Amino acid sequence: MNTFKLLLFVLIFVLFVVCIASTIWFEIPVVETIQLPSAKTDNSMQERVRFALVTDLHSCRYGKDMEKLVALVESANVDAILLAGDIFDDKRPNGYTKRFLEQVAKKYPCYYATGNHEFMGRRVRAIKSYLKEIGVAVLSGDCIQAQFHGRTFDICGIDDPVRIWGNIWFRTLQNTHAKTNPNHFRILISHRPELVDVYSQFDFDMVVSGHAHGGQWFIPLLNRGVLAPNQGLFPKYVNGLYTLKNGTRLIVSRGLAREKAPFPRFGNHPEIVVIEL
């Protein structure tokens, strides 16, 4: 083998190793914390309220009994969990999702709204029934009043519009908003982040979403991904905190999908977002 071929072989081997190592590295889940100041925050309170935002699990595996994911949630010291859709997958078996939910639902108040894949699997009624049985609050155009550390929250959720005619979905959101109290901190769980023009018509303090999977290949300096459903190439709403034109804060999680994804994640760890008020 001449020198050129040897160098070419070494280069290809190094690139192969780097690709494999990067794929493994970016499959490791992380916790990302977003601190969210608000006019409704009581600065005299010493204890902060912390929510875990969990999205797009797609029934993926994080340890035999989902112990890795449960440990991440426990390490974050949260007060409640917001489940923003596609926790269940439409094609994969849902055993891992159930193992995760049954553990965390015993320890934390959990609030759930559907994603598109729960509907696509045509098992959404069974899923909602199961969640209610294990103590998860299922929000389908509903709001629940909750208190954490002496502060009152209206936690609302709406079904994903994948199988709901647009006008009906919008009216449902109107009715959901009408159930809230403007003196409370008002949270909307809604799976799709790209519906910013709709969310901007309602004065929720915070909307939490997923769906975009961080754009699958994430470009950190631009805070954009490469491709996301319903946003196309170089989508804008894929990661972190955005302030909408009416002042509502939109928080988008990169989600937890791994083996479900058609391509490996790159620059884009699966994540649980901790929202600290």
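Note that the coordinates shown come from a computational prediction; the quantities given were computed from them, not determined experimentally.
A distance-only check finds no donor-acceptor pair linking the side chain of Glu276 to the backbone of Ile34 [under 3.5 Å]. Using modelled atom types, no side-chain atom of Ser253 and backbone atom of Val273 make a donor-acceptor pair closer than 3.5 Å. Between the side chain of Asn181 and the backbone N or O of Asp154, no donor-acceptor pair lies under 3.5 Å. Panel note: side chain Asn246, backbone Ser200; a donor-acceptor pair is recorded below 3.5 Å. Checked by atom type and distance alone, the side chain of Asp90 never pairs as donor or acceptor with a backbone atom of His117 at under 3.5 Å. Formation of a donor-acceptor pair under 3.5 Å by the Arg50 side chain with backbone atoms of Ala76 is found in this model. Side chain of Glu271 to main chain of His269: no donor-acceptor pair is present (N/O by atom type, distance under 3.5 Å, no hydrogens or angles). Looking at Ser190, its side chain never comes within 3.5 Å of a backbone N or O of Ile158 through a donor-acceptor pair. A donor-acceptor contact shorter than 3.5 Å is absent between the side chain of Arg249 and the backbone of Leu241. In terms of modelled atom types and a separation under 3.5 Å, the side chain of Gln216 and the main chain of Val226 share no donor-acceptor contact.
Taking hydrophobic clusters as Ile, Leu, Val, Met, Phe, Trp and Tyr residues chained together by side-chain heavy-atom distances below 4.5 Å, Tyr96 shares a cluster with Leu83. Taking hydrophobic clusters as Ile, Leu, Val, Met, Phe, Trp and Tyr residues chained together by side-chain heavy-atom distances below 4.5 Å, Leu195 shares a cluster with Ile164. Leu101 and Val124 fall into different hydrophobic clusters, where Ile, Leu, Val, Met, Phe, Trp and Tyr residues are linked whenever their side-chain heavy atoms come under 4.5 Å apart, directly or through other members. Residues Ile81 and Ile134 share a hydrophobic cluster, clusters being chains of Ile/Leu/Val/Met/Phe/Trp/Tyr side chains in contact below 4.5 Å. Criterion: ILVMFWY side-chain heavy atoms under 4.5 Å apart, direct or through other members. Under it, Ile144 and Ile189 are part of a common hydrophobic cluster.
Ion pair Asp203/Arg186 flagged as a salt bridge, since at least one NZ, NE, NH1 or NH2 atom sits closer than 4.0 Å to an Asp/Glu carboxylate oxygen. Between Lys128 and Asp159 there is a salt bridge, since a side-chain N of the basic residue sits under 4.0 Å from a carboxylate O of the acidic one.
Looking at heavy atoms from C-beta onward, Cys156 lies in side-chain contact with Thr180 at the 4.5 angstrom threshold. Counting heavy atoms from C-beta on, the side chains of Arg171 and Ile168 come closer than 4.5 Å. No side-chain heavy atom of His58 sits less than 4.5 Å from a side-chain heavy atom of Arg258. Considering only heavy atoms from C-beta on, Asp142 comes within 4.5 Å of Ser140 through its side chain. Two residues are said to be in side-chain contact when any heavy atoms from C-beta on lie closer than 4.5 Å; His191 and Thr114 fail this criterion. Between Tyr112 and Ile127 the shortest side-chain heavy-atom distance falls below 4.5 Å. With contacts defined as side-chain heavy-atom distances shorter than 4.5 Å, the pair Tyr111/Leu139 qualifies. Counting heavy atoms from C-beta outward, Phe88 and Leu131 have side chains that approach closer than 4.5 Å.
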For the pair Ile219 and Phe234, evaluate side-chain contact (heavy atoms from CB on, under 4.5 Å) and give the outcome as yes or no after the intermediate values. CA-CA 9 Å; Ile219 310 169; Phe234 304 111; 4.1 Å; yes
Derivation of the side-chain contact (heavy atoms from CB on, under 4.5 Å) call for Val54 and Phe100: CA-CA 11 Å; Val54 176; Phe100 170 71; 4.3 Å; yes
May I have the step-by-step check of side-chain contact (heavy atoms from CB on, under 4.5 Å) for Glu74 and Tyr108, ending in yes or no? CA-CA 10 Å; Glu74 291 177 343; Tyr108 308 96; 3.5 Å; yes
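Under the 6.0 Å distance and 45° angle rule, Arg123 does not count as a cation-pi partner of Tyr130.
Counting all heavy atoms, side chain and backbone alike, Lys68 lies closest to Gly63 at CD-N, 4.2 Å.
Around the NZ atom of Lys179, the shell of radius 6.0 Å holds more than 12 heavy atoms that belong to other residues, nucleotides or ligands.
Using a 30° and 60° split on the angle between ring planes, Tyr237 and Tyr242 fall in the perpendicular class, above 60°.
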